[in-house]
Amino acid sequence: MASKNTFVAIMIGILHIAVPATTANQPNIVIFLADDMGYGDLSSYGHPTQEWGPIDDLAREGLRFTSMYTASSLCSPSRAALLTGRLPVRIGMYGYQMNLTPLSPKGLPDEEITLAEALKDVGYSTGMVGKWHLGINGWIPMDGKYLPYRNGFDYVGTNLPYTNLWSCDESQTHVDKPQSFGCYLYRNATIIQQPFSHENLTRTLVEDAKTFIRQHQTQIEKPFFFYMSFAHVHVSLFSSKEFDGSSKRGMYGDNIREMSWGVGEVMSEIKRLGMDDNTLVLFSSDNGGHSELCNEGGDNGIFRGGKANYFEGGLRVPGIMRWPGHISPGIVSSTVISQMDLFPTLVTMVGGEVPIDRKIDGLNMLPHLPINISSADDMETTPKPTELDTRPLFFYCNDNLFAVRYGAFKIHYRTMPVKSRLEYGQTDTCLEAGFPTQNYFNCLWCGSFCVDKHDPPLIYNVEADPGETYPLNPKLYGDLLANLSDVVNEHKAGLEPGEPIFSSFAPSSIPCCNPNNPGCSCNYP
């Protein structure tokens with residue numbers, strides 16, 4: 001096992017305050033994850049009317065990444081990659097359905113090692129609340145084969161094993177009444193409501209998080225890892241009464257404000273219990289905003305595209321890291337980061353061993369963080385080139401390689417058609433004031449008629465042209481394409497795609513709180 005003192009050596013120049021060895025090497029770790037939030041949705045990421053909140057405070061007090069990428073532009077594959085450090089195609093997180101659904105008799109494979117499992121191996125207590133979306137049941141009804149407690153989480157509070165859907169809407173904004181199918185609320189492995197009520201949902205997640213944290217306040221020698229995965233801001237949008245109408249931005253802004261409040265409540269509890277200096281906090285989103293949903297979808301800022309496609313808007317997301325005394329406040333880094341980097345980074349940091357019996361696609365990013373930056377006055381926003389900036393990032397739609405981020409360039413082998421927000425606003429899918437009439441994607445299926453293949457591929461310099469507006473002339477970039485061809489061929493030679501998990505269907509896998517009730521409805525108000 002790697003020495004825990006390795007982290008101290010790596011972080012010379014980054015750590016500014018000496019703390020006892022045990023706490024420095026094994027901090028508490030909290031990951032906040034938003035659902036379908038766009039890069040430009042936060043005030044700290046440039047939104048002009050979204051109110052500042054506790055999530056923005058994390059950015060002000062820590063490190064804000066401007067080039068953090070998800071591994072996929074859809075929920076299940078992205079979340080699997082975050083928790084394992086591996087490309088979704090290696091895990092088998094692909095197939096006909098594009099995402100896991102309640103009909104899926106499969107989920108995150110047993111042989112995969114999650115971040116929770118790896119941290120448990122070095123003494124961490126682990127817990128989670130909120131959205132899971134990595135599998136529910138196997139072939140046996142209600143066996144819970146793929147739920148969080150089977151993937152390394154000791155404590156599992158209130159959770160959505162699937163997701164929050166358009167059809168879960170109970171406000172009668174989009175549907176007359178919420179459907180039972182897909183709308184499940186669990187506590188650990190037990191359905192407690194079907195369909196679920198959004199009332200007090202965020203507050204319940206927050207209280208469960210506080211309960212877990214309070215249970216560990218006296219366990220100084222036993223750090224914790226907590227994964228808080230919000231239902232916000234996936235449609236159907238919802239917010240509690242105290243946030244309804246609270247944002248100048250409208251309903252979507254209300255949702256951001258409630259989620260940010262939830263982050264603030266958990267952070268306040270950590271501070272109240274004296275854990276702040278020994279807690280590393282990360283915030284991000286699982287993919288970009290759903291552009292087709294008009295004003296009920298996320299804002300992807302200057303980036304083209306959004307959820308379900310492979311332009312920057314679907315893949316580049318907010319990324320914030322805060323750890324008082326160890327990361328100076330107010331740092332902005334343009335270093336290219338993948339969410340897959342979190343697995344090897346955190347495991348190495350706490351003295352664990354990154355698995356060597358499988359390919360881990362993420363890299364340990366700690367040596368590449370900006371160093372010796374203590375204030376905005378001398379803030380370095382263009383760090384020197386590092387391994388992270390020059391390594392290729394491969395983006396797959398199912399088992400099709402769509403794009404590669406390679407240095408300053410983004411190369412597209414396949415693309416889906418996308419529209420601007422203005423173009424969506426001029427269609428009959430967006431009514432007055434940006435009200436969406438349907439939940440849809442302009443193009444979703446990876447190999448369908450709507451996908452364009454490019455030979456030679458499209459080339460964008462996403463440092464000079466982050467909006468991917470001006471494709472470069474491939475004739476002038478022959479060396480780049482030749483080098484990338486070698487890189488891609490080497491990558492594919494070592495790639496063994498997993499079995500396509502999303503292509504299996506089994507009605508017996510659908511959760512039902514009461515098999516004797518044909519409607520499968522329980523405890524709904």
- Query: salt bridge (Lys or Arg N to Asp or Glu O under 4.0 Å) between D208 and R203: does it pass, once the steps are laid out?
  - Reply: CA-CA 9 Å; D208 284 355; R203 184 174 295 277; over 6 Å; no

- Task: Check whether the ring centres of Y146 and H133 lie less than 6.0 Å apart, and answer yes or no.
- Result: no

- Message: Please check if the number of heavy atoms outside Y96 that lie under 6.0 Å from its OH is greater than 12.
- Response: no

- Looking at D276 and R322, does any basic side-chain N land under 4.0 Å from a carboxylate oxygen? yes

- Electrostatic pair K241-D244, nearest N-O below 4.0 angstrom: no

- R272/E269 salt bridge by N-O under 4.0 Å criterion: yes

- Is the Lys NZ or Arg CZ of R86 less than 6.0 Å from the centre of F343's six-membered ring, within 45° of the axis? no

- Task: Before giving the answer on ring pair (Phe, Tyr, Trp, His ring centres under 6.0 Å), spell out for Y396 and F402 the whole-Å C-alpha distance, their side-chain angles and the decisive distance to 0.1 Å.
- Result: CA-CA 5 Å; Y396 281 83; F402 263 50; 9.1 Å; no

- Applying ring pair (Phe, Tyr, Trp, His ring centres under 6.0 Å) between Y39 and each of F311, F303, F65, report the one that passes. F303

- Please step through side-chain hydrogen bond (donor to acceptor under 3.5 Å, both in side chains) for the pair T415 and D452, ending with a clear verdict. CA-CA 5 Å; T415 58; D452 292 322; 4.5 Å; no

- Query: Can E265 and K210 be counted as an ion pair, charged N to O under 4.0 angstrom?
  - Reply: yes

- Task: For the pair K410 and E312, find out whether any cationic side-chain nitrogen is under 4.0 Å from an anionic carboxylate oxygen.
- Result: yes

- May I ask you to decide if the ring planes of H290 and F441 are parallel, tilted or perpendicular, using 30° and 60° as cut-offs? parallel

- Query: Among V233, V235, T202, D41, whose side-chain contact (heavy atoms from CB on, under 4.5 Å) with N255 holds?
  - Reply: V233

- side-chain contact (heavy atoms from CB on, under 4.5 Å) evaluation trace for M68 with Q339: CA-CA 7 Å; M68 175 172 274; Q339 288 182 351; 4.1 Å; yes

- Message: Can you classify the ring geometry of F283 versus F32 as parallel (below 30°), tilted (30 to 60°) or perpendicular (above 60°)?
- Response: tilted

- Item | C443 vs V451, side-chain contact (heavy atoms from CB on, under 4.5 Å): CA-CA, chis, key distance, verdict | CA-CA 8 Å; C443 179; V451 172; 4.3 Å; yes

- Under the ring pair (Phe, Tyr, Trp, His ring centres under 6.0 Å) rule, what do F395 and Y310 come out as? Steps first, then yes or no, please. CA-CA 7 Å; F395 300 108; Y310 291 82; 7.2 Å; no

- Is the distance between the ring centroids of F196 and H198 less than 6.0 Å? yes

- Are more than 12 heavy atoms from other residues, nucleotides or ligands located less than 6.0 Å from atom NZ of K271? yes

- Ring centroid separation F224 to Y124 under 6.0 Å: no

- Message: Restricting to disulfide (SG to SG under 2.5 Å), what partner residues turn up for C75, sequence neighbours left out?
- Response: none

- How long is the span from the CE atom in M93 to the CG atom in D399, to the nearest 0.5 Å? 15.0 Å

- Message: Counting only heavy atoms not in L431 (residues, nucleotides, ligands), do more than 12 fall under 6.0 Å from its CG?
- Response: yes

- Task: Report yes or no: do R249 and T49 form a side-chain donor-acceptor pair below 3.5 Å?
- Result: no

- Message: Whether D169 and K177 form a salt bridge (side-chain N of Lys/Arg under 4.0 Å from carboxylate O of Asp/Glu) is what I want to check.
- Response: no

- Indicate whether the side chain of T126 and that of D154 have a donor and an acceptor atom separated by less than 3.5 Å. yes

- Query: Do you see a donor-acceptor pair shorter than 3.5 Å between the side chains of Y252 and Q50?
  - Reply: no

- Query: Between the main-chain N or O of S240 and the side-chain N or O of E199, is there a donor-acceptor pair closer than 3.5 Å?
  - Reply: no

- Query: Pairs in or reaching into residues 281-318: which pass disulfide bond (SG atoms under 2.5 Å apart), with residues at least two apart or in two chains?
  - Reply: C294-C430

- Kindly check if the number of other-residue, nucleotide or ligand heavy atoms within 6.0 Å of CD (E496) is above 12? no

- Message: Side chains of S44 and D56: any donor to acceptor distance under 3.5 Å?
- Response: yes

- Message: Can you classify the ring geometry of F225 versus Y227 as parallel (below 30°), tilted (30 to 60°) or perpendicular (above 60°)?
- Response: parallel

- How would you list all residue pairs meeting disulfide bond (SG atoms under 2.5 Å apart) that involve residues 137-182, not counting sequence neighbours? C168-C183

- Can Q438 and H174 be counted as having a side-chain donor-acceptor contact under 3.5 angstrom? no

- Aromatic contact, Y186 with W132 (centres under 6.0 Å): no

- With distance as the sole criterion, is a donor-acceptor pair present between the side chains of S338 and R405 under 3.5 Å? no

- Message: Using the rule given for ring pair (Phe, Tyr, Trp, His ring centres under 6.0 Å), can you reason through H232 versus F238, listing the C-alpha separation, both sets of side-chain angles and the distance that settles it, and then say yes or no?
- Response: CA-CA 8 Å; H232 292 306; F238 70 96; 4.2 Å; yes

- Do we see a donor-acceptor contact under 3.5 Å between the side chains of D36 and N287? yes

- Is R257 positioned over the aromatic face of F243, cation under 6.0 angstrom from the ring centre and no more than 45 degrees off axis? no

- Task: Assess the pair Y94 and F502: is the distance between their ring centroids shorter than 6.0 Å?
- Result: no

